[in-house]
Amino acid sequence: MLPVEVYDASAAERFSGAFERAYEQLYGRKIDGVDIELLSLTLALSGPAPGEVSAAATTSDGSADEVVTCPVTEDGQSVEARVINRQTLPVGSQLDGPALITEDQTTTVVPSGCSLEVDPDGNLVITRDNGA
């Protein structure tokens, strides 16, 4: 785990030194003359909880799911976007942006001036509204 800080060019030496020490400790040897290669990387982020619970998105069956809003930047302006769990959107769901549709491995952004529909195959289809 890396500490939270601003990294500059000198960080490369610290990282490679830390890697070589960990590698030698784990495998009992160093391999000289071979560049370090990053094969996979995991990024975990955390932050304050999103804003307040607000109005709900209405699904095609008329039910409403509570959603959270959070501030996002759009064209340099701060706007409130609904944050909606992807699993709460059944086929036929429709909503207007701005919204963030969250899943375990990704987030889909629905900008202002666009709408989202869940098609019959469960795909998220984003359409730019007329005049946007």
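Only this structure's heavy atoms are used, side chains among them; waters, hydrogens and symmetry mates stay out.
- Environment of CD in Gln87: sparse, with no more than 12 heavy atoms of neighbouring residues, nucleotides or ligands closer than 6.0 Å.
- The line from OG of Ser16 to CZ of Arg21 is 8.5 Å long, rounded to the nearest 0.5 Å.
- Remark: Asp129 CG to Cys114 SG distance equals 6.0 Å, nearest 0.5 Å.
- Note: Asp104 CG to Arg86 CZ = 12.0 Å, rounded to the nearest 0.5 Å.
- When each of Ile101, Leu116, Leu100 is tested with Ile84 by the rule side-chain contact (heavy atoms from CB on, under 4.5 Å), just one qualifies, namely Ile101.
- Under the 4.5 Å side-chain heavy-atom criterion for ILVMFWY residues, a single connected hydrophobic cluster contains both Ile31 and Phe19.
- Looking at every heavy atom in both residues, Tyr7 comes nearest to Arg14 through CD2-NH2, 3.8 Å.
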Legend entry - side-chain contact (heavy atoms from CB on, under 4.5 Å) between Asp119 and Val91, worked out: CA-CA 6 Å; Asp119 75 7; Val91 168; over 6 Å; no
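- Listed for the Thr106 side chain is no donor-acceptor partner under 3.5 Å among the backbone atoms of Glu103.
- Between the Asn123 side chain and the Val125 main chain, no donor and acceptor come within less than 3.5 Å of each other.
- A distance of 10.5 Å separates CD of Glu117 from CG of Leu124, quoted to the nearest 0.5 Å.
- Distance check: Phe15 CZ to Ile36 CD1 gives 11.0 Å after rounding to the nearest 0.5 Å.
- Between Ser115 and Asp96, the shortest heavy-atom distance links the atoms CB-OD1, 3.3 Å.
- Criterion: ILVMFWY side-chain heavy atoms under 4.5 Å apart, direct or through other members. Under it, Val34 and Tyr27 are part of a common hydrophobic cluster.
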